[in-house]
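Input: a single structure, listed below in structure tokens.
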2 protein chains.
Amino acid sequence: MTEASASPPSSREKILDVAEALFARRGYAGVGLREVAEEAGLGKSSLFHHFRSKAEIYLAVLARVLERVNERVAPILASGGSHLERLDRVLDSLIDSLAEHPTTARLLLRSLFEDDDLPDTDDVKRAAEEIDRSLAAILDRMLRLLRDGIEAGSFRPASARHTLQTLIGATVYHFASGELGEALFGRPVFSAETVRRRKEEIKNLVHSGLAAAPVAAPAGGRP
Amino acid sequence: MTEASASPPSSREKILDVAEALFARRGYAGVGLREVAEEAGLGKSSLFHHFRSKAEIYLAVLARVLERVNERVAPILASGGSHLERLDRVLDSLIDSLAEHPTTARLLLRSLFEDDDLPDTDDVKRAAEEIDRSLAAILDRMLRLLRDGIEAGSFRPASARHTLQTLIGATVYHFASGELGEALFGRPVFSAETVRRRKEEIKNLVHSGLAAAPVAAPAGGRP
DNA sequence: ATTGCAGCCGACCGATCGGTCGGGTAGGGT
DNA sequence: ACCCTACCCGACCGATCGGTCGGCTGCAAT
């Protein structure tokens, strides 16, 4: 941890890479450490020189994923610009995050379900809470952006919490939908074209579905 | 199979009930058949008198869940009324479906990930394809509703596919979000109050985010 | 040259996995 | 009375699970 970010493609990183791919595909319980070790080019016992348990590997993977997302999203949330501009840019960068590493969305979604089958050792629980806190921090900042925007009149009055849930669903779920999404769009959800279009559609949703009406539409009588 | 829907609280149904709860909580790989049997009040071997394998149990659970959703949603999709009315009612009933059985959303989301660790026996693959087809049928009808609505001018021009993805995310993800959702709202996502509010927010999203502008806003000029 | 340690490994542990097998029992049809 | 079938069970199988242990390397500091 003190100087982990050194240059060599260390075994530790390799383990995390392999574990990330496998956990995303088959989940915590569905992945065996033998498989992780083999794909990392190591003996199974070697895993335990870098991590104390399977759960620790899983949590390390999750922490890295969250950090990757946070790196992109946090500076935008802290930046200037109107509420709407900031929201647009946050969603853009979130989608970029999810599209860049196809494992991210699935791991995040899975993490909502799978903390159940982690052992409840004290250190595991502590690490899991750390993850939770780090996720909660991101969501909290997004929530604040929505609330502020609503209060300032930049967004139409809505439940910030529900809106946040919808936006998570619109982004994370989409990139986790895998074969179903591929069947729906006729191409992988990670293809450049689909990603570009997804950004557009989300932006349209936000602008005409969340943003306050520009000026007009004073009392539009419905036909 | 021929007359399965009889009255007795049969062992078969009990197994499915127990398995549904467990699979939703811990996933396919995370659940052992011993646990299923014990909670169903049976010996483990008895499971194999009703199902040929663990995978068959899982797929039977999934099929039942899908059927439950379809029962509610299909008649509405086939009913009359304007596109917008039908969409409103479909979303309402979908949310009711998901809220009624807290396992549904998680099982559906998990099913997008977890077909990977099913064995690929021929009969399992056939049953899984059956599930896929049944899910695809529901989605197809919703997709058609969106497309028709767009073509008829009831909805603003948008990608029907992306809109469908967003709506799935807004509903299924929300009710699968579990502890995270509970932390966000301060109460379970299945609480009557949260469910009611969720319907409202989704309806607002659809009406002011998807429905065509009443009359005004003629200038389509994007900024 | 010696020591120490990080990294890696094969062999092994008890537990649990999905699944099989043979047998027991109750009830309905004949 | 008979048998057949549906249902259920305990015992057992080979495989795999996460994790431990002792020992083998090679490099770095002394």
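Proteins come first, then strands; the chains are lettered A, B, ... in the order of their sequence lines, and each starts at number 1. Heavy atoms only: backbone and side chains are in, while hydrogens, waters and symmetry mates are out.
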Separation of [X] atom [atom1] from [N] atom [atom2], in whole Å?
| X | N | atom1 | atom2 | result |
| --- | --- | --- | --- | --- |
| A:L42 | C:dG10 | CG | P | 11 Å |
| B:H50 | D:dT5 | NE2 | C1' | 14 Å |
| A:E38 | C:dC8 | CD | C1' | 16 Å |

Note to self: Tell me which residues in residues 120-131 of chain A lie within less than 4.0 Å of DNA chain C, going by non-hydrogen atoms.
What the structure shows: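 None - not one residue of the stretch has a heavy atom sitting under 4.0 Å from the strand.
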Next item on the list: Output, in order, the C-alpha distance, side-chain angles, deciding distance and verdict of side-chain contact (heavy atoms from CB on, under 4.5 Å) for B:F23 and B:T103.
Entry: CA-CA 9 Å; B:F23 283 141; B:T103 58; over 6 Å; no
Notebook entry, point to check: When rounded to the nearest 0.5 angstrom, what is the spacing between CG in B:L62 and CG in B:L108?
Noted result: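 Reported value, rounded in 0.5 Å steps: 6.5 Å.
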Check: How long is the span from the CG atom in A:L112 to the CZ atom in A:R110, to the nearest 0.5 Å?
Finding: 11.5 Å
Margin query: Walk along nucleotides 11-22 of chain C from 5' to 3' and tag each nucleotide B, S or - by protein heavy-atom contact under 4.0 Å, base first, then sugar-phosphate.
Written below: B-----BBBBB-
Check: Are OP1 or OP2 of D:dC9 and a side-chain N or O of B:S46 less than 4.0 angstrom apart?
Finding: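 Result: yes.
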Checklist line | side-chain contact (heavy atoms from CB on, under 4.5 Å) evaluation trace for B:D96 with B:R72 | finding: CA-CA 9 Å; B:D96 281 335; B:R72 283 189 169 251; 3.4 Å; yes
Next item on the list: Would you mind checking if B:D122 and B:R126 are paired as a salt bridge, meaning a charged N to carboxylate O distance below 4.0 Å?
Entry: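 Not counted as a salt bridge, because no side-chain N and carboxylate O are separated by less than 4.0 Å.
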Next item on the list: Walk me through it: do A:R52 and A:D123 pass the test side-chain contact (heavy atoms from CB on, under 4.5 Å)?
Entry: CA-CA 10 Å; A:R52 273 186 299 194; A:D123 31 344; 3.7 Å; yes
Next item on the list: Please check if the distance between the ring centroids of B:H174 and B:F185 is under 6.0 Å.
Entry: yes
Check: Passes side-chain contact (heavy atoms from CB on, under 4.5 Å), A:D92 versus A:I202? Steps please.
Finding: CA-CA 9 Å; A:D92 241 55; A:I202 299 263; over 6 Å; no
